[in-house]
Amino acid sequence: MQWTLVIPLKPLERAKSRLAPAAGDGLRPALALAFAQDTVAAAVGCPSVRNVVVVTDDARAGRELAALGARVVPDAPADGLNAALAYAADQVRAARPQAPVAALNADLPALRSHELARVLDAAAQFPRAFLPDTAEIGTTLLSVGPGTELRPQFGAASRARHLDSGAAELGLHGVGSVRQDVDTGEDLRAALALGVGPHTATAAAGLLIPD
Ligand SMILES: Nc1nc2c(ncn2[C@@H]2O[C@H](COP(=O)(O)OP(=O)(O)OP(=O)(O)O)[C@@H](O)[C@H]2O)c(=O)[nH]1
Ligand SMILES: C=C(OP(=O)(O)O)C(=O)O
């Protein structure tokens, strides 16, 4: 199955607010962009991915991510993460009604294309499926096959909401790079240990993350 990925990104000035204690407000927007660049680059490089759509109102991020091969759509609803994802998924389906679609967070700087391919291959077995984050509280990916509506319920404690909504939970091993989202300094340390992409490696160079 050839997937369309929908990746949401907040305006960089507001993104990754929980990183402020570790990165300060000077570095935080650059890190948020770098995470998104490494996420999009790995997604574009995944053999199971047909195309990548980024939904964002950030002009600079839009330019940088388009340069990596993403299509950028504006956050027209301007009503938060789930509205942005539902809108982008509708845009995809308007052009290709049978497209399999997966929403993927933009904060996966260690993402590996081959691990993403394994997750998408597993997701293809279900009409609607999700992958919990490393903390097993949130969600990093929510997928729908042809004919199924995305109904995204990302946000705090989204794993429980996606389970309650009937989506199949993907219990895969060896896909840590798809599950390691970065919200805090501790998460960034874990992602650096897994091995981040080149944009994040550069943006995080010299950053001293306190214990
Ligand atoms: N387009 C769009 N993307 C969003 C919006 N809110 C969050 N996102 C994106 O959705 C993903 C998860 O978002 P959050 O964890 O809520 O926000 P964050 O910026 O990653 O981190 P915090 O500021 O620390 O909450 C990230 O890729 C965000 O950039 C929104 O209103 N519109
Ligand atoms: C939006 C989510 O991620 P985060 O952990 O970045 O809040 C989520 O897990 O649904």
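Atoms within each ligand, like the ligands themselves, are counted from 1 in listed order.
Residue-level contacts of ligand 2 at the 4.0 Å heavy-atom threshold are Arg18, Leu81, Asn105, Asp107, Gly138, Thr139, Phe154, Gly155, Ser158, Asp181, Asp183.
Between Glu136 and Arg179 there is a salt bridge, since at least one side-chain N of the basic residue sits less than 4.0 Å from a carboxylate O of the acidic one.
For Ser113, the side chain to side chain contact (heavy atoms under 4.5 Å, CB included) partners at least two apart in sequence or on another chain are Ala42, Cys46. Residues meeting the ring pair (Phe, Tyr, Trp, His ring centres under 6.0 Å) test with Phe154, sequence neighbours left out: His162.
When every heavy atom of Val52 is checked against every heavy atom of Ala43, the shortest pair comes out as CG2-CB, 3.9 Å.
Listed for the Asp75 side chain is no donor-acceptor partner under 3.5 Å among the backbone atoms of Asp57.
Residues Leu65 and Ile7 form no side-chain contact, since every pair of their non-hydrogen atoms from C-beta on lies 4.5 Å or further apart. You'll find the side chain of Gln180 reaches within 4.5 Å of the side chain of Asp187, heavy atoms only. Ser158 is not listed as a side-chain neighbour of Gln153, based on a closest heavy-atom distance of 4.5 Å or more. Counting heavy atoms from C-beta outward, Leu27 and Leu19 have side chains that stay 4.5 Å or more apart.
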For ligand 1, output the ligand-protein N/O contacts shorter than 3.5 angstrom; if there are none, return none.
unit_1, atom_1, unit_2, atom_2, d
ligand 1, 1 (N), Val55, O, 3.0
ligand 1, 1 (N), Asp75, OD2, 3.1
ligand 1, 3 (N), Leu9, N, 3.3
ligand 1, 15 (O), Arg18, NH2, 3.1
ligand 1, 17 (O), Lys10, NZ, 3.3
ligand 1, 19 (O), Lys10, NZ, 3.2
ligand 1, 19 (O), Lys16, N, 2.8
ligand 1, 20 (O), Lys16, NZ, 2.6
ligand 1, 23 (O), Lys10, NZ, 2.8
ligand 1, 23 (O), Lys16, N, 3.4
ligand 1, 23 (O), Ser17, N, 2.8
ligand 1, 23 (O), Ser17, OG, 2.6
ligand 1, 24 (O), Ser17, N, 3.2
ligand 1, 24 (O), Ser17, OG, 3.3
ligand 1, 24 (O), Arg18, N, 3.0
ligand 1, 24 (O), Arg18, NE, 2.8
ligand 1, 25 (O), Arg18, NE, 3.4
ligand 1, 25 (O), Arg18, NH2, 3.0
ligand 1, 27 (O), Pro8, O, 2.9
ligand 1, 27 (O), Ala106, N, 3.2
ligand 1, 29 (O), Lys10, N, 2.9
ligand 1, 31 (O), Leu81, N, 3.4
ligand 1, 32 (N), Asp75, OD2, 2.7

